[in-house]
K.L.:
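First, the structure itself, so that you have it in front of you.
Keep in mind that this is a model prediction, so the values were computed, not measured. Numbers for residues simply follow the sequence, beginning at 1.
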Amino acid sequence: MTTANSSNILSSTFYLTGIPGYEEFHHWISIPFCLLYLVGIMGNCTILHIVRTDPRLHQPMYYFLAMLSLTDMGMSLPTMTSLFRVLWSLSREIQFNTCVVQMFFIHTFSFTESSVLLAMALDRYVAICHPLRYATILTPTLITKIGIAALLRSAFAMIPLLARLAFFPFCHSHILSHSYCLHQDMIRLACADTKFNVIYGLVLITLLWGMDSLGIFVSYVFILHSVLKISSQEGRFKALNTCASHICAVLILYVPMIGLSIVHRFAKHSSPLIHIFMAHIYLLVPPVLNPIIYSVKTKQIRQGILNLLFPLRISSSMM
């Protein structure tokens with residue numbers, strides 16, 4: 001009886017992995033991770049604060065930017081606790097239920113961010129192709145519905161995938177290959193038929209990411225078609241320049257996402273460092289770079305940051 005109970009306890013406990021081969025440097029490695037998380041949190045919180053407090057930014061483009069900041073933090077923050085517990089040698093253990101919750105947030109917000117980027121592409125399409133109807137089409141009510149629909153679509157899509165994990169026996173290794181839980185990492189450890197999870201996961205990626213990326217591509221085809229009709233070169237450049245930040249955000253999300261999927265499915269026997277490196281890029285680069293890109297490329301956001309940092313100097317120069 002005692003053996004059975006201990007076996008059940010063991011089966012619900014998994015072990016996270018830091019940077020293999022560099023365990024003695026984990027404390028030092030944690031420093032750049034601390035800086036990345038700090039930059040990401042401060043950058044996205046600054047974007048949210050500026051959009052909320054500046055009435056001039058109460059426009060569809062900036063509402064979608066605020067959604068992007070929320071999904072960025074929702075995707076990266078769930079990994080912070082487990083990552084630093086491993087790097088600071090506090091504990092490598094993580095319980096199955098905690099692991100599933102962490103997976104749910106990571107994958108849900110990952111899919112949600114893809115949907116938000118599609119919504120931002122549609123925003124740019126309406127702004128460039130139908131500028132006179134921009135405010136009447138993208139109303140605050142519609143934007144709210146888009147945000148809720150994107151989150152619910154992603155959350156409900158993940159439930160069948162994660163619910164099946166509760167029925168899998170994990171009778172072999174319980175060592176995960178990352179410092180946080182990913183679905184494709186956990187099913188690798190199951191000693192059961194995981195065909196449904198593999199196929200459902202591929203279908204989910206194809207439908208959600210595939211449809212979102214197709215929608216983004218089609219939006220930019222129409223945008224480019226409309227921009228080429230502008231007679232002046234300056235006008236064409238100005239129109240395309242409003243899309244530069246969004247294009248960068250799309251690349252920042254999709255390139256690491258595709259890279260991580262390829263590594264997990266077709267390079268299973270490659271160096272563990274490659275898997276870990278790709279996973280950290282996928283989760284940390286978008287939250288860090290997106291606020292920087294939008295701050296540099298968007299005049300209104302840049303002005304809002306300056307007002308936040310130097311309120312007296314800015315207000316005196318405007319008088």
K.L.:
Using side chain to side chain donor-acceptor pair (under 3.5 Å) as the criterion, list what pairs up with His130, not counting sequence neighbours.
P.N.:
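Only Tyr125 meet the side chain to side chain donor-acceptor pair (under 3.5 Å) criterion with His130.
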K.L.:
Might you confirm whether atom CZ of Phe168 has over 12 heavy atoms from other residues, nucleotides or ligands at distances under 6.0 Å?
P.N.:
yes
K.L.:
side-chain contact (heavy atoms from CB on, under 4.5 Å) for His27 and Ser89? Distances and angles first, verdict last.
P.N.:
CA-CA 8 Å; His27 286 81; Ser89 303; 3.8 Å; yes
K.L.:
Rounded to the nearest 0.5 Å, how far apart are CD1 of Ile106 and OG of Ser76?
P.N.:
9.5 Å
K.L.:
Do Phe84 and Ser179 come close enough that some side-chain heavy atom pair is under 4.5 Å?
P.N.:
no
K.L.:
Determine whether His183 and Leu162 satisfy the following criterion, side-chain contact (heavy atoms from CB on, under 4.5 Å), listing intermediate values before the conclusion.
P.N.:
CA-CA 8 Å; His183 172 262; Leu162 300 183; 4.3 Å; yes
K.L.:
When rounded to the nearest 0.5 angstrom, what distance separates OG in Ser177 from CZ in Arg188?
P.N.:
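Those atoms lie 4.5 Å apart.
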K.L.:
Any chance CZ of Phe277 has more than 12 other-residue heavy atoms, nucleotides or ligands included, within less than 6.0 Å?
P.N.:
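Result for CZ/Phe277: open.
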K.L.:
Within the side chain of Arg236, is there an N or O that forms a donor-acceptor pair under 3.5 Å with the backbone of Ile230?
P.N.:
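Yes, Arg236 side chain to Ile230 backbone: donor-acceptor pair under 3.5 Å.
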K.L.:
Can you see whether His246 engages Tyr294 through a side-chain donor-acceptor pair at a distance of less than 3.5 angstrom?
P.N.:
no
K.L.:
Without hydrogens or angle criteria, can the side chains of Tyr37 and Thr79 be said to hold a donor-acceptor pair below 3.5 Å?
P.N.:
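Note: Tyr37 and Thr79 side chains meet the donor-acceptor criterion.
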K.L.:
Supply the atom-to-atom distance Leu253 CG to Ser110 OG, rounded to the nearest 0.5 angstrom.
P.N.:
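Answer rounded to 0.5 Å: 6.0 Å.
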K.L.:
Are Met75 and Thr112 close enough that some pair of their side-chain heavy atoms sits under 4.5 Å apart?
P.N.:
no
K.L.:
Within a radius of less than 6.0 Å around CZ of Phe196, do more than 12 heavy atoms belonging to other residues, nucleotides or ligands occur?
P.N.:
yes
K.L.:
Step through the shown structure and confirm whether more than 12 heavy atoms of other residues, nucleotides or ligands are within 6.0 Å of CZ on Arg302.
P.N.:
yes
K.L.:
Write down the atom of Pro60, the atom of Asp123, and the distance for their closest heavy-atom approach.
P.N.:
CB-OD1, 3.6 Å
K.L.:
On the 0 to 90° scale, with breaks at 30° and 60°, tag the Phe170-Phe14 ring pair as parallel, tilted or perpendicular.
P.N.:
perpendicular
K.L.:
Before giving the answer on side-chain contact (heavy atoms from CB on, under 4.5 Å), spell out for Gln184 and Val198 the whole-Å C-alpha distance, their side-chain angles and the decisive distance to 0.1 Å.
P.N.:
CA-CA 8 Å; Gln184 58 267 40; Val198 172; over 6 Å; no
K.L.:
Just wondering, do Lys297 and Thr242 contact through their side chains at under 4.5 Å, heavy atoms?
P.N.:
no
K.L.:
Between Arg85 and Ser91, is the side-chain hydrogen bond (donor to acceptor under 3.5 Å, both in side chains) condition met? List the steps.
P.N.:
CA-CA 6 Å; Arg85 282 175 61 209; Ser91 175; 3.1 Å; yes
K.L.:
Heavy-atom count around Tyr134 OH within 6.0 Å, excluding the residue itself: above 12?
P.N.:
yes
K.L.:
Quick one: closest heavy-atom pair of Ile305 and Thr46, and the distance?
P.N.:
CG1-CG2, 4.0 Å
K.L.:
Quick one: do Arg153 and Asp212 make a salt bridge, cutoff under 4.0 Å?
P.N.:
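Between Asp212 and Arg153 there is a salt bridge, with a charged N closer than 4.0 Å to a carboxylate O.
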K.L.:
Would you please classify the geometry between the Trp209 ring and the Phe111 ring as parallel, tilted or perpendicular, with 30° and 60° separating the classes?
P.N.:
tilted
K.L.:
Hey, is the main chain of Val51 close enough, under 3.5 Å, to the side chain of His58 for a donor-acceptor pair?
P.N.:
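Yes.
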K.L.:
Which pair of non-hydrogen atoms, one from Met67 and one from Ile143, has the smallest distance, and what is that distance?
P.N.:
CE-O, 3.2 Å
K.L.:
Apply side-chain contact (heavy atoms from CB on, under 4.5 Å) to residues Ile128 and Cys243 and explain how you reach the verdict.
P.N.:
CA-CA 10 Å; Ile128 292 172; Cys243 302; 3.6 Å; yes
K.L.:
Drop me the distance from Leu182's CG to Tyr180's OH, to the nearest 0.5 angstrom.
P.N.:
6.0 Å
K.L.:
Kindly compute the distance separating OH (Tyr200) from CZ (Arg164), expressed to the nearest 0.5 Å.
P.N.:
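If we round to the nearest 0.5 Å, Tyr200:OH and Arg164:CZ are 11.5 Å apart.
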K.L.:
Could you tell me whether the side chains of Tyr62 and Asp54 share a donor-acceptor contact shorter than 3.5 Å?
P.N.:
no
K.L.:
Using a 4.5 Å cut-off on heavy atoms from C-beta on, say whether the side chain of Ile146 contacts that of Leu122.
P.N.:
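No, side chains not in contact.
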K.L.:
Between atom OG of Ser115 and atom CD1 of Ile216, what is the distance when rounded to the nearest 0.5 Å?
P.N.:
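Reported value, rounded in 0.5 Å steps: 9.0 Å.
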